[in-house]
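Before any comments, here is the structure.
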Protein chains: 2
Amino acid sequence: MPETPSRSKATRNDVAALAGVSTAVVSYVVNNGPKRVAEETAIRVRQAIEMLDYRPNAVARSLKTGSIKTLGLVIPDGKNPYFMAVSTAVEAAARQRGYVVLSASSNLDPDVESAHLNVFEARGVDGVLLSSCVQGAALTGQAIPGLPMVFLDRSTAAGINTVGVESRAGAFDAVQHLIEHGRQRIGLIIGEDEYVTGDRDRISGWRDALGAAGLPEGPVEFGDFSLSGGYSAGVRMFARSDRPDGLFVSSDQQSIGVLRAAWEAGMRIPADVALVSFDGIAESAFTCPALTTVQQPIGQLAEAAVDLVLRTAQQSSEIAHLRFSGDLAVRESCGCVN
Amino acid sequence: MPETPSRSKATRNDVAALAGVSTAVVSYVVNNGPKRVAEETAIRVRQAIEMLDYRPNAVARSLKTGSIKTLGLVIPDGKNPYFMAVSTAVEAAARQRGYVVLSASSNLDPDVESAHLNVFEARGVDGVLLSSCVQGAALTGQAIPGLPMVFLDRSTAAGINTVGVESRAGAFDAVQHLIEHGRQRIGLIIGEDEYVTGDRDRISGWRDALGAAGLPEGPVEFGDFSLSGGYSAGVRMFARSDRPDGLFVSSDQQSIGVLRAAWEAGMRIPADVALVSFDGIAESAFTCPALTTVQQPIGQLAEAAVDLVLRTAQQSSEIAHLRFSGDLAVRESCGCVN
DNA sequence: ATGAAAGCGCTAACAC
DNA sequence: GTGTTAGCGCTTTCAT
């Protein structure tokens with residue numbers, strides 16, 4: 001009959017004592033090395049571990065080894081399904097490599113973002129994945145010396161690791177698809193900051209596709225990357241006198257809001273205005289109509305990002321800019337299906 | 001002109017040396033105690049900290065103090081906006097109290113769930129919040145001796161801390177609202193048993209409201225708590241010969257799928273069938289029609305849960321079962337607005 | 001094959 | 001007011 005496990009946590013000392021060996025030996029069997037242990041002894045140790053319900057303390061271990069097998073992740077908006085998907089994918093990739101992830105949302109506040117980064121650093125994370133809410137020069141300012149870091153979903157920037165999608169190409173394809181449907185006045189709904197600052201790839205894609213087809217630029221409305229941001233931009237867009245017959249929206253989350261705005265305005269999608277968006281979140285397949293959208297390869301992005309931080313953590317020399325391309329998932333909002 | 005900060009991380013020893021004081025004093029100024037330090041000395045120390053860009057190592061600290069100011073959270077489905085909202089709220093509540101949260105999704109796999117729990121335990125988290133994917137007796141099995149833990153969104157269970165919503169009351173109100181709209185055949189779309197215990201209560205609420213009004217139980221279809229789960233349940237529901245004229249759906253995420261199924265079936269909501277659901281996720285206000293739903297007080301839940309684990313971590317005696325009530329957010333899917 | 005012991009970076013008595 | 005020092009739980013070199 002097993003003893004009642006002691007109330008307080010057993011330490012490696014207790015195990016050593018019970019098994020009648022030194023603490024070093026316990027270490028060897030727990031870690032399967034670096035020294036070999038006689039099978040007999042190992043068995044005694046394992047029994048002691050079992051009896052005491054001993055669980056190694058990873059924190060203490062990390063103090064010695066320097067790695068706590070933890071990655072930090074900060075996303076700009078914990079309520080956007082796209083970033084949830086990123087989180088999930090990053091967690092999975094990390095888990096597969098024996099890491100766990102500490103994650104946090106900055107809610108679009110740069111100060112919160114850097115506070116998170118500092119907390120992670122203090123916790124001794126092995127590296128950080130950052131989908132920042134700041135841009136351009138400020139971005140580099142978020143870096144913490146000595147902390148391996150990769151930026152998610154940002155344009156190439158000097159001196160820092162980045163992984164992201166080929167936004168320009170994706171946007172180009174999306175708009176081209178609209179053009180193939182014969183749409184002539186193709187508008188744009190996009191995040192304000194994206195327009196104003198750095199990452200203008202989605203805009204270039206839209207503009208270039210139009211240019212390539214000899215079409216003029218349609219109306220543009222801004223709204224943040226949220227349901228309500230898309231909704232209000234949509235309301236404004238559909239109230240315009242130069243209402244478009246095609247629309248490229250910079251994210252699915254916004255598109256859901258746009259769909260709602262269209263519904264309220266009595267605008268039929270895709271009959272009156274065909275719509276294509278970006279991201280490929282799960283909900284894009286369940287809207288009415290379902291969204292034709294540029295599907296981001298989130299799994300690939302996450303794996304690449306995790307591999308990259310981990311590599312950086314080992315030999316911090318390399319700086320990489322990884323880009324993956326998204327495919328257009330053709331559904332109903334573009335007019336392909338009725 | 002400031003020195004170039006050293007490449008390798010500065011430790012408390014370096015600071016002490018630079019400031020010409022002992023490590024204890026550095027500790028005192030960093031932690032603002034427990035001893036007082038002469039203002040002059042403190043200034044020297046702070047300058048040294050600044051110069052060396054010294055950042056205290058929270059891990060080493062926790063080895064001494066026993067607390068690493070970290071909470072663990074495991075949710076069953078990282079892709080459900082409801083759980084994302086829970087995550088976000090828990091993070092916020094924890095942050096406010098000086099804690100960060102390590103979070104993970106079990107993706108409905110009990111083994112993954114307990115693996116996460118073990119990893120958290122080994123990381124020395126101060127407590128865990130668990131929205132489990134297992135039920136009943138198995139639930140208690142997930143507990144780790146000595147690890148403060150509170151279950152989220154679970155029915156009262158013996159011996160364990162829980163915080164959740166008044167599901168039965170919420171469901172009752174929802175169904176009653178449908179009845180007030182004159183609906184007579186009120187169906188139910190709900191999760192398969194294994195997912196959420198809240199189910200039981202949601203079912204009772206539906207049944208009781210019907211009973212109270214002297215109405216018979218309408219058709220029931222099962223689907224998991226996802227977009228596609230709701231979608232397929234909806235497809236089946238609308239294909240039935242005893243199609244309902246009112247529908248209570250156990251979560252907003254499912255409702256979005258149901259809306260899609262209705263749309264495909266040419267069923268008008270609320271004209272043909274009025275719908276009320278549960279959760280109050282952000283997207284429920286942007287569907288077409290917008291969802292009338294029982295709004296969960298997620299912020300309250302999160303705060304209560306965090307407070308409860310923290311309290312448990314201090315004196316592990318108390319066992320509490322906290323329940324909060326949700327309010328019906330009346331929108332369009334019930335027929336109140338046209 | 002095993003053990004002794006020196007820390008990892010930090011805290012907090014306990015001296016002075 | 002400040003310094004010394006003994007660990008927290010673990011890993012690992014260097015003996016034996």
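Chain letters run A, B, ... following the sequence lines, proteins first, then strands; residues in each count from 1. Just so we're clear, the structure is a prediction, and the values are computed from it rather than from any experiment.
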Review point. Does the side-chain contact (heavy atoms from CB on, under 4.5 Å) test come out yes or no for A/L117 and A/Q142, once each step is laid out?
Key: CA-CA 8 Å; A/L117 256 20; A/Q142 294 295 46; 4.1 Å; yes
Point to revise | Working for side-chain hydrogen bond (donor to acceptor under 3.5 Å, both in side chains), residues A/T312 and A/E318 | key: CA-CA 7 Å; A/T312 305; A/E318 171 192 11; 5.5 Å; no
Revision key, fill the gap. As a check of understanding: the bend across the helix from C/dA1-D/dT16 to C/dC16-D/dG1, end axes from five pairs, rounded to 10 degrees, works out to 40°
**Study point:** Side-chain donor/acceptor contact of A/K35 with base of D/dT12 under 3.5 Å
**Key:** no
Point to revise | Nearest heavy atoms of A/V86 and A/I298, plus distance in Å | key: CA-CG2, 3.9 Å
**Study point:** Shortest non-hydrogen separation from A/S87 to A/I75 and the atoms involved
**Key:** OG-CD1, 4.1 Å
Using a 4.0 Å heavy-atom cut-off, does [X] contact any base of the nucleic acid, only the sugar-phosphate backbone, or nothing at all?
X	answer
A/T11	sugar-phosphate
B/T23	base
A/N13	nothing
A/S62	nothing
B/V21	sugar-phosphate
A/A24	base

Study note, to complete from the structure: By nearest-nucleotide position on DNA chain D, the 5'-leaning member of B/R36 and B/T65 is B/R36
Review point. If each of A/R61 and B/V37 is mapped to the nucleotide of DNA chain D with the nearest heavy atom, which maps nearer the 5' terminus, i.e. the 5' end?
Key: B/V37
Exercise for review: Keeping the roles fixed (side chain from A/R123, backbone from B/I68), state whether a donor-acceptor pair exists under 3.5 Å.
Suggested key: yes
Review point. Going by an N to O cut-off under 4.0 Å, is there a salt bridge joining A/D307 and A/R97?
Key: yes
Check your understanding: Between A/E39 and A/R44, is there a side-chain N and carboxylate O pair less than 4.0 Å apart?
Key -> no
Given atom [atom1] of [X] and atom [atom2] of [N], what is their separation to the nearest angstrom?
X	N	atom1	atom2	answer
A/L63	D/dC8	CG	C1'	9 Å
B/Y28	D/dT4	OH	P	12 Å
A/K64	D/dC10	NZ	P	13 Å
B/E39	D/dT2	CD	P	10 Å

Check your understanding: Which residue, A/A60 or B/R12, contacts DNA chain C at a nucleotide closer to its 5' end, judged by nearest heavy atom?
Key -> A/A60
Review point. Which two nucleotides bound the region of DNA chain C that has atoms under 4.0 Å from heavy atoms of chain B, read 5' to 3'?
Key: C/dG9 to C/dA15
Point to revise | A/D53/A/R55 under salt bridge (charged side-chain N to carboxylate O under 4.0 Å, His left out): CA gap, chis, key distance, verdict | key: CA-CA 6 Å; A/D53 188 28; A/R55 301 139 177 285; 3.6 Å; yes
Check your understanding: Just checking, is any N or O donor in the side chain of A/E91 or B/S105 under 3.5 Å from an acceptor N or O on the other one?
Key -> no
